[in-house]
Structure formats: structure tokens, C-alpha cells
Amino acid sequence: MKNSEVAKVFQDIADLLELKGENIFKIRAYQKAARAIEHYPRELKVMLDEGEDLQSIPGVGEAIAKKAAELITTGKLGYYENLKAEFPDGVTNLLAIPGIGPKTANKLASELRISSVDELERAINEGRVAKLFRLGEKTADNILYQIQALRRKDQRIPIGEALPIVEKILGALRSVPGMKNLTPAGSLRRFRETLGDIDLMGTADNPREVVDAFVALPQVGQVLAQGSTKASAIVNGGLQVDLRLVEHDSFGSLLQYFTGNKQHNISLRERGRKQGLKLSEYGITDIATNKLEKFSTEEAFYHRLGLQYIPPELREAQGEIEMAEQGAIPKLVELCDIKGDLHTHTEWSDGHDTIEAVALTAKDIGYQYIAITDHSAGRGIAHGLGVERLREQTAEIKALNEHITGIHILSGVEVDIRADGSLDLPHEILSELDIVIAAVHSAMNQSEEKMTRRVINAIENPDVNIIAHPTCRLIGEREPVAIDLEAVFRAAAKYNKIMEINATPERLDLKDIHAFRAKDLGVKLSIGTDTHSITHLGFMRFGVGVARRAWCEPQHILNTLPLTELLAALNRQR
DNA sequence: GCCGTTTTCGGCCCGACTGTTTTCAGTCG
Ligand SMILES: Nc1nc2c(ncn2[C@H]2C[C@H](O)[C@@H](COP(=O)(O)OP(=O)(O)OP(=O)(O)O)O2)c(=O)[nH]1
Ligand SMILES: [Mg+2]
Ligand SMILES: [Mg+2]
Ligand SMILES: [Zn+2]
């Protein structure tokens, strides 16, 4: 059973306990544990197999660890089954409707016997909901609207899709009079791979005026909430934007609050409490004197708490506060540390541009080197290169290297890993190349055992340097293949092979928590854009974002090495 | 249910907005 499935069960337990009216802190404990498990860098099943204690996960104690073990080993959880039996099926679906919390859901279930979204819709249309105590016409209308919105919209948006839209919204917001220090926050600033909404913030002499001007923008549709310091609205026909404003001198504390994540904020605030301090978006209040201290920067805010600054990408409540206490936050890799791109395609296979165009664009970016890694001729790949074409390409690259200055082109290939684990090209040609990346492109529904064996086979192959997009997932479109990454990483560490962080925004593969685990096991990583057109070279920022969320420093990333050291490292591998 | 550099018991983040409220509960960020 996968972590995501375990997390779902605990989240569902939390929902059921809410409906039941259980102690709120017990509910929060389940919610916290569910989130922690969902984002934990190791599979709980593997931990159990290796006899490790699940209580090392923050928020997981004796009771939840025991329940998780039962769930994973037997596939069922008695406590959960009993709890579910107390409620009609599907009643927790009501809680997914924005505006409906446990009290309302409970009321709907107990007084109107409603246990599904469809039933709720009918009841509203028949006027039964508005008659309930403390509900009314407006509330009923709002619920109806939210039901329809929920049916339209497809959950979370990949960050790669969101960023161009965010740029447009930022452009429009900059024109709002009085708006200062406009800044992205929330999951967008933390660089999560998908975003639930777009959180933007700023400062103003008069926040209310700016909020009013925001909702009046032509791009802004339905306004979900609007007050004197913030507004939530649907922008560009779908995306929810949360805009928050404070006065100028609270910029640092607002940025801290609004960047999150929620659990990071709660943990930080609990820690502050123990020092007699009350933390909020307005600043830090000394509880004894009731004096509010304001902060213009986040750095000062964290320092006031005796903590090292924590980069946004690390604020996921996975031990970063304890590390900051000890001054142990690493200096994360940055875009400017990247010396070249190791995964690109040209018109020689399925790319759009010439080798020269790709190389010159890379040079403009400031890279020292660029690897051309077109596809091999394997099954399912259009325009892949065979031995002869690859030799021709190598000759052309050699010629180009002689007349282009300021950038070195590596000749390489992205060789297909066949279903049986063998490579699509023979040793003779692979050994002539500067770099060989290998990847799965077909037969993706193999069993976990087969797929794992297949990829480890490629890792063991002495011609291979890098395993590209190891799980083959496409965010929101294709699930990752079934593969035992723990075993793959151990093999990569043993054979000194590199795992790729594929920076194409719909891939981001390895993803953050898996890259973290690989790094922890001593596996070196590379970041490659998988460029198919020169504009894609800019995807590097997404890969760096993933690497930062994986706590990577420059030393963990192969392509932070300067050219001569890179070539030496590649040679040592083969 | 979790957790501990004051604690193994008794706390558990803090504030904004809405609707229906005659003073605040519910929900959300
Ligand atoms: N202190 C505190 N801060 C919160 C709470 N809920 C949200 N925040 C802060 C931290 C969040 O990152 C930020 C934005 O809230 P969102 O609901 O948009 O969450 P976030 O952007 O992290 O994730 P998302 O991708 O939108 O699901 O507001 C809370 O309950 N307490
Ligand atoms: Mg958000
Ligand atoms: Mg938000
Ligand atoms: Zn590729």
C-alpha cells in the first residue's frame, strides 16, 4: 500500500471524526499525520519491512503508527471500518464543498438525511436547506454555486501551467494604484509541483482601497470573499486568486505567514508561544508586555525567534525548524550554479531545432556545456537515431565544436531501455559518446518487480551514465510506473550512476521527495530539461525548484560541475 | 492523538470574512 493511500485513510478518519463531533485536537492529530505521511520521502511499507519505527514521522505517535502498520500489512483497518459503518456512504464528500464544514455537514445529514452531493443539490433546489437553523437563502445559493464549481474544475493545477497565467495576473495587479511590494506566496512560492490556488500579497497605505481595485479588474470574475485586508476571486475563468494586503512595515511577517505551509506556521507559532511570543501576519507580540514588533523582512522574523532563515522550498514541516535551530539549513543549489544542460533533443530526432541553435541558446544562457541526447531508434519513438545516424551526428558535433566558441557540445544519446532491460543501441556506439542517458519509453505497465529489474539492469550497464525520468509520470495525465525506487537508488549508489531530475514541468521526475531520498542514499542527481525546442531550455528553473525542495546543495547536482570536472566525472563512471 | 531543554499531564496558531446573528458560530487562509 502506497503512502498516498495510507494518508487518504487517515484524512478520511479525520473527516468522520469531525462529523462525529470528536475532540478537535484529536481530529487535527489525524489531519497532521495524514499530511506528514503523504509527503514523507520514504514508503512506509519499506520502513516496516526494514523494521523501522513509524513514530519517527512527525505527528505520528503510538496509536497512529499501530493503525498504519495494521493497514499496510493486512490491507484493512478495523478502527476505520467500524467508524465508516456509523455513517452513510459518501457523507464525507459533503466536506469537500467549500463553505461546508463539519457542523453544516452534520446538520444536513442528521436533519435532512443527506449523504451525497447530488442529494444536497436536490434539497437546495427544493428549498429545504435554507430553512435549517442558522442557514439561509444566501448560504444555500452559495453552496449550490460551489457544487457546480466543484464539478467544473479539475483539482490542482501543475505549476508549469500556472506560471504563465500568474505572470499575466501580476502584470494586471501592478497597475492597481497604491499596490506595493507585490509578491507571490503560498505553494507557488514554495514551488510545489501543483497549486491549489494562486496566493499573492502586497502592501499598501490603505489595503482596503487596493482590495477594491483588485476585484474591479476586468480579469476578475466571481468574487468569493472581499474584506478590508484580503479578497478571494476567480480569475481568467477558473484559477482562484487569494490576495492579501497589510501596511508596509509588516511585509516580512505577512510574507512569512502567507508562504506557509500551514503546518510550518503552526509549528513556528507553537515554538514562539514557548518563548512567550505570539506570531501573526502583523508581527511578533511579546505576550508579557503586549508590545507588537513589526518586521520588514522574513530574515529578521526568523532571526527574532533564534532561527536561521529557512528558504520557502523547505517550509514543509519536515524537520526544517529543528535544523534552523541548529544552524544546519544547507545552502541550496541555485539556478546560477547550473553550468549546463544534460538532456536535450534536436531536429535529428523529435526536437524542433538544430544542434547549433540549441548550443547557441545554451551559450546565451551562460552555460559552459550542453549535451545533445536525441532518442535512439527504439520501438514507439518517432525519428529515433540508429548507429549510422548517431555517428553522423557525432561528426557534426565535432565540426561544430571546432567553430563555435564559448560553449562545448557533448555528443550523447537518450537510449531506450527495452522491456527486457537491455539497451536499444550496442556497446560499440555507446562507448564512442561523451554521455549516455537511458530511459523507459514503452511497456510501462510492467509489474513492479519487472520494471525495477529492468531499470537496475540499465544502471548496471557500464555504458550508462544517467537514468532519465525514472518514473515516467506525466502530472495529471499518467501515473508513475510501478517501480521500487528504494532498490533503484541503492543500485545507483552502488554503481555510481546518476538519477535525473527531469525539469519538463509536466514531468518533474524524480519528484521532490524521491530526489530527497535518493540524495540521502548517496545518489548523485542531474537536472535536465528534456528540451525539444530552444525555449524549453528555460525549464531549468523548474528542475532547480525540485532540487531545492529535495534539500540539494550544488555538490549533489552533477551539472553544477565545470566542464573539465564534468567530463572527468562522466569518464570515471564508464 | 501527539508531545516534552520548564512538562509524561495538559496544553494544542492566530486572524479574516460571511451570514444571520441581536452578539457570534462556522469556515477558511
Ligand atoms: N497560521 C496559519 N496559516 C495558514 C493556515 N492556512 C493557511 N495558512 C497560510 C499558509 C499557506 O501556505 C497560505 C496559503 O494558504 P493556502 O490554503 O492557499 O495553502 P497553500 O498555498 O500552502 O497550498 P495550496 O497549493 O493552495 O493547496 O496561508 C492556518 O490554518 N494557519
Ligand atoms: Mg495556495
Ligand atoms: Mg490560498
Ligand atoms: Zn528526452
Side-chain angles (χ1 to χ4, degrees), chain A residues 10 13-14 17-18 21-36 54-68 79 94-108 129-143 145-146 185-187 196-201 207-208 211 215 223-233 240-246 250 253-254 256-285 287 292 306 317 322 325-326:
Chain A
F10 286 124
I13 289 175
L17 292 176
E18 274 199 308
E22 254 287 2
N23 178 298
I24 180 66
F25 299 107
K26 183 170 168 177
I27 293 163
R28 282 184 199 161
Y30 276 102
Q31 286 168 337
K32 181 180 175 185
R35 284 184 167 272
L54 300 185
Q55 292 189 55
S56 57
I57 302 168
V60 175
E62 202 181 326
I64 293 184
K66 225 174 128 218
K67 289 187 173 73
Y79 175 75
L94 298 179
L95 291 170
I97 302 168
I100 295 191
K103 305 287 180 185
T104 309
N106 205 329
K107 199 176 290 175
L108 292 169
V129 171
K131 292 202 187 82
L132 293 177
F133 181 67
R134 270 198 161 276
L135 294 172
E137 288 295 337
K138 279 198 172 175
T139 307
D141 281 355
N142 185 46
I143 293 172
Y145 173 82
Q146 293 294 352
S187 49
D197 64 2
I198 308 296
D199 300 295
L200 304 175
M201 53 161 277
R208 181 191 287 276
V211 169
V215 301
V223 177
L224 305 168
Q226 177 185 0
S228 61
T229 74
K230 70 175 184 180
S232 293
Q240 180 176 328
V241 173
D242 286 354
L243 178 68
R244 181 68 203 265
L245 292 142
V246 289
S250 288
S253 50
L254 175 62
Q256 195 292 312
Y257 151 74
F258 211 33
T259 297
N261 73 9
K262 171 177 166 170
Q263 190 52 50
H264 174 89
N265 286 356
I266 291 176
S267 298
L268 203 66
R269 287 169 180 207
E270 282 175 342
R271 188 176 175 281
R273 274 261 136 185
K274 290 179 193 147
Q275 302 170 292
L277 303 172
K278 182 163 69 94
L279 282 54
S280 80
E281 59 266 48
Y282 296 105
I284 298 179
T285 306
I287 295 169
L292 174 69
E322 293 75 8
E325 243 160 33
Q326 300 158 21

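Letters A, B, ... mirror the listed sequences (proteins, then strands); counts begin at 1.
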Separation between the P atoms of dC13(B) and dC2(B), rounded to whole Å
16 Å
Considering only dT27(B), dG1(B), dC17(B), which nucleotide approaches the side chain of Ala225(A) most closely?
dC17(B)
Taking only side-chain nitrogens and oxygens of Arg269(A), does any of them come within less than 4.0 Å of OP1 or OP2 of dC12(B)?
no
Is there a side-chain polar atom (N or O) of Lys278(A) under 4.0 Å from OP1 or OP2 of dG15(B)?
yes
Contact class for Leu245(A) vs. all strands (heavy atom < 4.0 Å): base, sugar-phosphate, or nothing?
nothing
Cation-pi geometry met for Lys67(A) and Tyr79(A) (6.0 Å, 45°)
yes
Looking at Lys67(A), does any N or O in its side chain come under 4.0 Å of the phosphate oxygens OP1/OP2 on dG1(B)?
yes
Return the pairing partner of dT27(B) with a 3.5 Å limit on both distances, Watson-Crick or G-U wobble; otherwise return none.
dA16(B)
Pairwise P distance for dG15(B) and dT22(B), with rounding to whole Å:
27 Å
Would you check if the side chain of Lys278(A) reaches a backbone N or O of Gly272(A) as a donor-acceptor pair within less than 3.5 Å?
no
Does Tyr79(A) make a side-chain N or O approach to OP1 or OP2 of dG1(B) shorter than 4.0 Å?
no
Any carboxylate oxygen within less than 4.0 angstrom of a Lys/Arg side-chain nitrogen, looking at Glu281(A) and Arg244(A)?
yes
Starting from P on dC12(B), measure out to CD on Glu270(A) and report it in whole angstrom.
9 Å
Any N or O donor-acceptor pair linking the side chain of Tyr257(A) to the base of dG29(B) at under 3.5 Å?
yes
Hey, which sits more toward the 5' end of DNA chain B by its nearest nucleotide, Ala231(A) or Arg273(A)?
Arg273(A)
Atom CD of Gln226(A) and atom C1' of dC17(B): how far apart are they, to the nearest Å?
11 Å
Please determine whether a side-chain nitrogen or oxygen atom of Arg271(A) lies at a distance below 4.0 Å from atom OP1 or OP2 of dC13(B).
no
Compare side-chain N and O positions of Thr229(A) against OP1 and OP2 of dC17(B) and report whether any pair is under 4.0 Å apart.
yes
Rounded to whole angstrom units, what separation is found between the CZ atom of Arg28(A) and the C1' atom of dG29(B)?
13 Å
Which nucleotide, dA25(B), dA16(B), dG1(B), lies nearest any side-chain atom of Arg134(A)?
dA25(B)
Under 4.0 Å between any heavy atoms, over every strand shown, what does Asp197(A) touch: base, sugar-phosphate, or nothing? Just pick one.
nothing
Verify the distance criterion only: is there a donor paired with an acceptor across the side chains of Asn265(A) and Gln263(A) at less than 3.5 Å?
no
Think Thr139(A) has a side-chain N or O under 4.0 angstrom from the OP1 or OP2 of dT18(B)?
no
Between dT21(B) and dG10(B), how far is it from one C1' atom to the other, in whole Å?
34 Å
Whole-Å distance, Asn142(A) CG to dC17(B) P, equals 16 Å
Under 4.0 angstrom between Ser232(A) side-chain N/O and dG29(B) OP1 or OP2:
no
What is the distance from CG of Leu132(A) to P of dT21(B), rounded to the nearest Å?
12 Å
Gap between atoms CG and C1', on Leu135(A) and dA25(B) respectively (whole Å):
11 Å
